[in-house]
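Inspection log for the structure reproduced underneath, given as structure tokens.
Sequence lines set the chain letters: A, B, ... in the order given, protein chains first and strands last, and positions in each chain run from 1. On a predicted model such as this, the values are computed, not experimentally measured, just so you know.
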Number of protein chains: 2
Amino acid sequence: MNKKIEEEYLEMSEIFKALSHPTRLFIVNAIKDKRMSVKDLTKLVGVDISTISKHLTILKNSKIIKGEKEKNYIYYTLAIPCVLDFMSCAVNIINKNNK
Amino acid sequence: MNKKIEEEYLEMSEIFKALSHPTRLFIVNAIKDKRMSVKDLTKLVGVDISTISKHLTILKNSKIIKGEKEKNYIYYTLAIPCVLDFMSCAVNIINKNNK
DNA sequence: TTTCTATTTGGTAATTTTGCCAAATAGAAA
DNA sequence: TTTCTATTTGGCAAAATTACCAAATAGAAA
């Protein structure tokens with residue numbers, strides 16, 4: 001695997017890595033229909049707000065989600081809809097595995 | 001996030017985690033058209049054969065790939081074609097990020 | 001201005017992941 | 001049988017990930 005190819009797959013793996021945590025997948029699903037603030041998500045998930053903030057930073061850095069500021073809040077929405085297809089494919093795999 | 005939901009997203013995240021390494025993505029792409037042995041992949045990737053073997057175990061445990069034994073070799077193929085759609089969506093994200 | 005409120009950042013300890021080496025296995029070939 | 005060859009496993013050290021707490025920011029509200 002040469003340097004250029006290696007770099008390509010590394011970049012691709014970052015996307016998958018951003019999605020490889022249950023809380024981050026939950027967040028992606030939670031904001032798919034309606035935007036949510038850090039605080040909203042914190043309440044929904046039930047962990048420390050700093051933890052949620054860091055998860056959001058990871059998703060934002062991969063450009064999977066984006067945030068818009070409004071008053072004191074930052075509201076997050078999905079930036080890349082095809083991520084949802086990722087997830088339904090993953091569900092298919094799981095169903096296949098468990099049957 | 002209650003216990004049952006948490007469990008669901010955890011399971012889903014395992015799939016993404018299995019794909020969140022450049023070598024493993026390279027492997028998935030390499031075997032998409034023709035089956036390859038551990039040795040073939042080792043040559044192609046250029047790391048220790050034990051490292052490849054462990055990557056293959058991770059992919060196999062998530063049922064993303066499957067192996068068929070033949071003589072001394074184990075030939076691996078894709079078990080879940082929709083994984084390729086994952087990857088092209090990831091490429092889209094990357095292209096969007098870099099433009 | 002001062003006081004809240006939402007969010008981010010830094011630090012830290014616990015856990016997980018990774019890649020190599022060496023050794024073990026499994027089974028084909030001789 | 002013994003000798004190869006392909007693959008897996010165990011161990012270990014380095015690196016990365018994670019969650020919490022405490023403190024810092026940013027900016028709205030009073």
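Backbone-only contact: B:Ser37 has heavy atoms under 4.0 Å from sugar-phosphate atoms and none from a base. Residue contacts shown for A:Ile49 include a base, since a base heavy atom lies under 4.0 Å away. Within 4.0 Å of B:Tyr76, counting heavy atoms only, lie sugar-phosphate atoms of the nucleic acid but no base atom.
Contact check, B:Ser53 against D:dT8: a side-chain N or O comes under 4.0 Å of OP1 or OP2. Residue B:Ser50 has no polar side-chain atom (N or O) positioned under 4.0 Å from OP1 or OP2 of D:dT8.
The 5' end of DNA chain D is approached more closely, in terms of each residue's nearest nucleotide, by A:His55 than by the other of A:Lys71 and A:His55. Looking at which nucleotide of DNA chain D each of A:Asn72 and A:Lys54 is closest to, the 5′-most match is held by A:Lys54.
Closest to the side chain of B:Tyr73, from the set D:dG27, D:dA6, C:dA22, is D:dA6. Listed candidates were C:dT7, D:dT18, D:dT7. Nearest to the side chain of A:Lys39 is C:dT7. Among C:dT18, D:dA26, C:dT8, the nucleotide with an atom closest to any side-chain atom of A:Lys69 is D:dA26. Of the candidates D:dA6, C:dT8, C:dC20, C:dC20 carries the atom nearest the B:Val47 side chain, counting heavy atoms from C-beta on.
Rounded to a whole Å, the CG atom of A:Leu10 is 14 Å from the C1' atom of C:dT18. One atom, NZ of A:Lys17, and another, P of C:dT17, lie 11 Å apart when rounded to the nearest Å. The interatomic distance linking B:Leu19 (CG) with C:dT18 (P) rounds to 12 Å, in whole Å. Rounded to whole Å, the distance from CD on A:Glu14 to C1' on C:dT17 is 14 Å. Spacing between atom CG of B:Asp40 and atom C1' of D:dA6 amounts to 11 Å, rounded to whole angstrom units. As a whole-Å value, the separation of B:Phe16 CZ from C:dT16 C1' is 20 Å. In this structure, A:Leu59 places its CG atom 14 Å from C1' of D:dT17, rounding to the nearest Å. Computed from coordinates, the B:Ile58 CD1 to D:dT9 P distance equals 12 Å when rounded to whole Å.
Side-chain N or O atoms of A:Thr42 include one that pairs as donor or acceptor with a backbone N or O of A:Val38 at under 3.5 Å. Looking only at distances, no side-chain donor or acceptor of A:Arg24 sits under 3.5 Å from a matching main-chain atom of A:Leu59.
Remark: C:dT9 base-pairs with D:dA22. Criterion, Watson-Crick or G-U wobble with two distances under 3.5 Å. Both distances falling under 3.5 Å, in either a Watson-Crick or a G-U wobble arrangement, place C:dA30 opposite D:dT1.
Between A:Phe86 and B:Ala90, the shortest heavy-atom distance links the atoms CZ-N, 3.8 Å. For A:Cys89 against B:Val83, the heavy-atom pair with the smallest separation is SG-N, 4.1 Å.
B:Lys63 NZ to A:Ile93 CD1: the interatomic distance, rounded to the nearest 0.5 Å, is 11.0 Å.
Side-chain contact annotation: B:Asp40 with B:Ser37, donor-acceptor N/O pair under 3.5 Å present.
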